[in-house]
Structures are given as C-alpha cells and as structure tokens.
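By convention in this document, chain letters (A, B, ...) are assigned in the order of the sequence lines, proteins followed by strands, and residues within each chain are numbered from 1. All values reported here derive from a predicted model rather than from experimental measurement.
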Protein chains: 2
Amino acid sequence: MVQWYGGCWNGTTIFAKKNFMEHREAHLEHLEEDQRFLPSVSIDCVIFGFHDNQLKVLLVRFRNTSLWALPGGYIYLSEDMDSAANRILEERTALKGVYLEQFYAFGQRERVDQSVQRAIAEAINKSISSDHWISKRFITVGYYALVDFLKAIPTPDGSSDICDWCSLDALPPLVFDHAVIVQKALEMLRLRLNNNLIGSNLLPETFTMQELQSLYETILGEKLLRTNFHRKMLSLGILERVEKKFSGRAHKAPYLYRFKEQKEERLFLEKVF
Amino acid sequence: MVQWYGGCWNGTTIFAKKNFMEHREAHLEHLEEDQRFLPSVSIDCVIFGFHDNQLKVLLVRFRNTSLWALPGGYIYLSEDMDSAANRILEERTALKGVYLEQFYAFGQRERVDQSVQRAIAEAINKSISSDHWISKRFITVGYYALVDFLKAIPTPDGSSDICDWCSLDALPPLVFDHAVIVQKALEMLRLRLNNNLIGSNLLPETFTMQELQSLYETILGEKLLRTNFHRKMLSLGILERVEKKFSGRAHKAPYLYRFKEQKEERLFLEKVF
DNA sequence: AACCAATGTATCAATTTGGTACAATGGTAC
DNA sequence: GTACCATTGTACCAAATTGATACATTGGTT
C-alpha cells in the first residue's frame, strides 16, 4: 500500500506489472529514436478518478527517486496530438476511449527545472548531455481525463516504478510546474461542470444521489443542499431511476440512478450550478 | 478600402505603413536565424474588435497572394510563450497590455497544407527546401485578444501586404486550419463571457447600454430582451453611470456608462446569461 | 406645438432557488 | 416482534431571478 500524506491508494496489479515490463522496453527504444518525436512539445495528462468521495489523480514516481509527476509523453511525428494524449492515457490506465480533453498549454521559459531533469535522468541510469533532445526547452500541452476509478489499471512507464492514485487534497510535491498543471485542470473542469459529461465519466454505470452530489461537491469545492441538489438533478431530465433498490448497510436504501443515453448535441453552455 | 465579401474595413494608416517596413526587415532576419525559435510550435492570434455592432477579426494577407490568415509567429527560445503572443499582438496592432488569453492548442498532424505553405513561400520570394524548418510539422497555440477597435493600428508583417479587420460573419477563406481556430476562439469566448472582462476590453471607455447589449448579442449569437438586459447589467453593480448625457442623432439621448474599477479577484464562475 | 422612436423604469406572472418540514424506510438493538 | 434511528424521498413556502409587457420620459424632427 503506497502511502503519501495518507492520500495514495495502490491500484497496481499483477497484470499491471506485466505491462510495466513491456512499456519499459518500449521506452528505452524511444530514447534512442528521438527523431520520431515532434521536438519541443510534450503532453501531460491529469487523469481524474473518483473514489471514497474524493477526487483522485493518477501520478507516477520516477525510478530510484522520490519525485512524483503527471503521466506524460511525446507526440510521434506520425500521430495527431489528440491521439498521442489518448495513447499516453491508455498506456497508464489500460483504458481505451475514455473522456479526454485538452485544457491548456504551458509555455513558461523556465518551467522545467534542469537540475531536476538531470537528477531524474541519472536516477534512471541515463547520462544525458546538455544538448540531448530531452534537455531542450519544451512546452507541454495539458489534457485531463475522467476515468472510472475501478476500471483503470495504473501502470508505470519505463522511467517510473510506481503509478498510482493520489487524493487531490493530499498530493505529494510534484516536479516542474506539474502542481500548476493540476490546479489549472481542476479549474477548467469546474468551468465545464455543466451537462452530464463529468458524472457519466467519473461514476460507475449506476450510482446513488449521494454519490453524485458528493462528486459535485468535491469538484466545486463547496457544500450543496441535499434536497435542492436532488430536485435540480431530477428536473434536468438526464437521469433515470433504476428500478432495483440498493441493499447494504443500515437505514433506508436509496434508489440507484443512471444517466440517460444522450443525444449528440451538447448543452454545453447550460449552467447547472 | 479593402473589400472582402463586403466585410473588411481598411484601418491601415500612414503610421502603420512606416511600421510595416520596419517589421519586414525584422522578419527577413528571422528566417535566416531560425535557431532562435522554439521548433515545432507556432502561435496564432484571434484578435477581436467590435465596431458597427459587429465582431471583427484581424487578418493578414500574404504578399502576392489572395491567401488570408490569422496573425501568427514563433516563440524565441528566450521568451515565455505568453510573452511571444503579446509580442505578436503588439506587432500587428501597436497595442500594449491588452487582454490576451490562450484558449487552445491545435495539433492535427495534417493541419498545415504543405502545398499552400510552399505557395506562400514562393510568393514572398523565398525558396524553401523540404527540410527547411518552416516546412516541418508545427502545432499552433491559439490566443484570443480583445482590443479597442479604434485604438488598434493594423500593421502587416514581412510576409504580408495587408493587415485588416474583417467581419466575423463574412470572413474570407482562411489558410490551413485557421477557420477552425477562429471558431474555437469564439466558442471559448462565449464560455467565458461572464464578468466584465469582455465588455471592458472590446468597448471604449464609455458606452451606451445599447452598444453593450449589441456586443453581448453578437458574441452569444442570440437576441436578448432590452429591458431585462438593462436590469441585469445594472443589478450586477459593475457599471457606473457617467453623469454626462449623450448628444447625437434623433430621439432621446441615452446615458453613458463605464465599468467600475475592479477588485483583483475575479468572479470567474458567475454566470451572467 | 404635435409627433415619434429610442430610452429608462415599473410591474406582474412564471420560474428557479434557498431553506425547512415531514413522511417513508431498511436496518439495528432489545 | 417492537421501538428506535439515521438516511432518503418528497412536499412546501418564502425569497430571488427571469420573461414579458406596459408606460412615462425625452431629445430631436416636422
């Protein structure tokens, strides 16, 4: 069990460990063949999950260090930037086709601390010269993803030994400007909280009103009145009640709900809260 | 007077022509010294102005062609990406410190049509080899700017002979994916229409309620009820009435308004409409 | 002086929201 | 079984917001 400020949760499985080795090989290959990547541009993914009434973010830790970072990567010359982001996401979670959205490009001149960069390279046993492609200046394009916490299989890449969930409110220190990137991702997520996109991607197929409200509260960072939330959600007409009831702990059993199939047009501008 | 689908307006002045020559020199210099730019990344600016109750966008036309494009440029290794965007904006408008915000990065593999790229290079008398830095793959980071239409001085760069305003609803065909970029800029602008950021940057110091409403309607793409708009705007408490009245054409003279000085904190999430 | 269209304001119904009350319920304790 | 209880679903009311219409004001035209 990985612990970090009490926030991490170990999702690594045997299956993940197998993938880990595969990707490690692939990664070493990349370093030799940097010509295949678009120079100066990297991608970083803020992968959100929801569990225990908390927003989680997927992080990797570089091998032989205690340095945490967002899962990231580079763009092959032959692929679209969005495809690259999808590939990176899939490599870390083993999930295909999940909700993924670009939210901002980070271009500060000094955003990558070169001494940290070197420390990482040395720790993973790569001596890189000062004109190595990786030590050149990069801008990074941020994507956030919304994934089903239980379905994702966190999988380290060749430069990391851990890939795991961390609670958003107890993140370890992150390398470079990654803390800023997470913050911005959350901001953009709030800005786009409307319509059902958020819930239907962060929650399992069916869920209780309580879980849905807790998700909203977590993202918005404020408490909502239970009864009014209930009313509002039902009035939007995007939920349907699953007729089976819940059976678990004490007290009254809540209904389960699921999101209705959506028409393609998005009500992107409608405000919910 | 530049005409294009009836939408263009010629803002070029004698002052602008002087700047034009200066920048042309600067640009030629750049082409030789491509080492000074960050590879693979360009910037394109969607510069919005408001005039005649219409949203305008600043465009450039490449020399000896009829090809229109967004004003753009590259990032010096020594400058932040945001600074580069500011510099590009200033070069085309002679305006400093205007409202400028990054909105999206465009990374499709084939987003730049190489045959068009070559045609432009030839037209401005540059023969570029297929491995010239400019013919490599680029992602472009989009920024939108909100400027006072009357204060901007549209100024072509070295590769263009015209820099001018075009009505958003009568744009000429644009090169590459620039039409998509404009569309996305508008979308993001709508998403962020809240608080007074928009108005205070697209309108002159003082303005009538009618002008403000017209701006909102243009950006949102829908009609609003005059009386309710009036009420809402006043209730937000962000306007102050300038005691002088208006004196112009026929009928009753409207009050003039201006935006109050804003506290630094932004009410970014508050919905207005 | 009569008129007119644009402007500022008032008003009212419909809707939405914030907040409280209360009945229903599925389990626990005894 | 019965009393109890925290949680859930729903009802309800007052306050605030919004949609829509009416109307008084006014600067200039004819």
May I have the distance from [X] (atom [atom1]) to [N] (atom [atom2]), rounded to whole angstrom?
X      : N      : atom1 : atom2 : value
B:Y255 : C:dG8  : OH    : C1'   : 8 Å
A:F207 : D:dT8  : CZ    : C1'   : 16 Å
A:L234 : D:dT8  : CG    : P     : 14 Å
A:N228 : C:dT16 : CG    : C1'   : 10 Å
A:N53  : D:dT7  : CG    : C1'   : 15 Å
A:R226 : C:dT20 : CZ    : P     : 13 Å
B:F229 : D:dT18 : CZ    : P     : 13 Å
A:M233 : C:dT16 : CE    : C1'   : 15 Å

Answer yes or no: does a side-chain N or O of [X] lie under 4.0 Å from OP1 or OP2 of [N]?
X      : N      : value
A:H230 : D:dT8  : no
A:K232 : C:dT16 : no
A:R241 : D:dT10 : yes

Where the side chain of B:D148 meets the backbone of B:L150, is there a donor-acceptor pair that is under 3.5 Å apart?
->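 Indeed, once roles are kept as given, a pair shorter than 3.5 Å links the two residues.
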Requested in this report: Using modelled atom types only, decide if a donor and an acceptor are shared between the side chain of A:S214 and the backbone of A:Q210 within a distance under 3.5 Å.
Outcome: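 Here the side-chain-to-backbone pair does not exist.
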Report task. Take B:E217 and B:Q213 through the test side chain to side chain donor-acceptor pair (under 3.5 Å) and record every step on the way to the result. Result -> CA-CA 6 Å; B:E217 289 178 338; B:Q213 178 177 351; 3.0 Å; yes
task: Determine whether the side chains of B:D82 and B:Y143 contain a donor N or O and an acceptor N or O closer than 3.5 Å.
output: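 Yes, side-chain donor-acceptor contact under 3.5 Å.
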Note to self: Regarding C:dG8, can its base be found pairing with the side chain of B:R231 as donor and acceptor, where the two atoms are less than 3.5 Å apart?
What the structure shows: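 Side chain to base: no pair below 3.5 Å.
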- Would you say the side chain of A:T227 and the base of D:dT10 hold a donor-acceptor pair, judged only by whether the two atoms sit under 3.5 Å apart?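 Under the 3.5 Å cut-off, the side chain and the base do not form any donor-acceptor pair.
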key: Listed nucleotide nearest any side-chain atom of A:L225, set D:dT8, C:dT7, C:dG19   =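 Of the options given, the side chain of A:L225 lies nearest C:dG19.
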- OG1-CD distance between B:T218 and B:Q54, expressed to the nearest 0.5 angstrom: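 These two atoms lie 8.0 Å from each other.
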